[in-house]
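Just so you know, these numbers use all the heavy atoms, side chains as well, and skip hydrogens, waters and symmetry mates.
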Amino acid sequence: MTDELSPRRPDTAQDERSGPGARALWTGGGVALIVLGAVLLFVAQSKAPEFSDDMRLYLTIVLRGAVFLMLSFGTYCVVRGRRRV
């Protein structure tokens, strides 16, 4: 009966019990995604003048989307790894 009256823990309760190794993996993976996004941006910009105008436009659109996703998910992973105390 006491179980029914106790407040329910959120579904993320399992994540809160994860050890420092899991938090380090989340943080390390997030940092890796952020660094790879920056490297991808610099490498593609150095190769962009070699392409035609149409190809450069498509490359720019795809590159911006890929970098946005990498930075977004990298930030999510870093925050998720850091906030699990």
Side-chain angles (χ1 to χ4, degrees):
M1 183 154 182
T2 58
D3 292 336
E4 294 175 9
L5 297 177
S6 64
R8 289 187 55 89
R9 297 183 70 181
D11 292 334
T12 59
Q14 182 65 30
D15 293 335
E16 292 174 1
R17 287 181 266 158
S18 61
R23 291 194 307 267
L25 285 175
W26 276 106
T27 305
V31 170
L33 279 173
I34 292 171
V35 169
L36 287 175
V39 168
L40 176 67
L41 182 64
F42 287 121
V43 168
Q45 282 182 348
S46 68
K47 299 287 184 184
E50 300 172 4
F51 297 112
S52 66
D53 288 339
D54 290 337
M55 185 59 118
R56 202 173 330 156
L57 175 66
Y58 297 133
L59 177 68
T60 302
I61 292 170
V62 169
L63 176 69
R64 299 282 172 139
V67 169
F68 172 76
L69 289 174
M70 291 177 86
L71 293 177
S72 297
F73 287 124
T75 305
Y76 169 77
C77 290
V78 167
V79 169
R80 182 179 169 104
R82 296 284 296 164
R83 74 176 177 163
R84 303 291 182 209
V85 178

Notebook entry, point to check: So which pairs with a foot in residues 59-75 pass side-chain hydrogen bond (donor to acceptor under 3.5 Å, both in side chains), sequence neighbours left out?
Noted result: none
Checklist line | Minimum-distance pair of heavy atoms, taken over all atoms of Cys77 and Gly30 | finding: CB-CA, 3.5 Å
Next item on the list: List, by chain and then residue number, the residues other than Leu59 in its hydrophobic cluster (Ile/Leu/Val/Met/Phe/Trp/Tyr, side-chain heavy atoms under 4.5 Å); write none if there are no others.
Entry: Phe51, Met55
Checklist line | By salt bridge (charged side-chain N to carboxylate O under 4.0 Å, His left out) - contacts of Arg56 (at least two apart) | finding: Asp53
Margin query: Who clusters with Leu69? Use side-chain heavy atoms, under 4.5 angstrom, across I, L, V, M, F, W and Y, and order the result by chain and number.
Written below: Val31, Leu33, Ile34, Val35, Leu36, Val39, Leu40, Leu41, Val43, Leu63, Val67, Phe68, Met70, Leu71, Phe73, Val78
Item checked: Hydrophobic cluster (4.5 angstrom, side-chain heavy atoms) - remaining members for Tyr76 -> Trp26
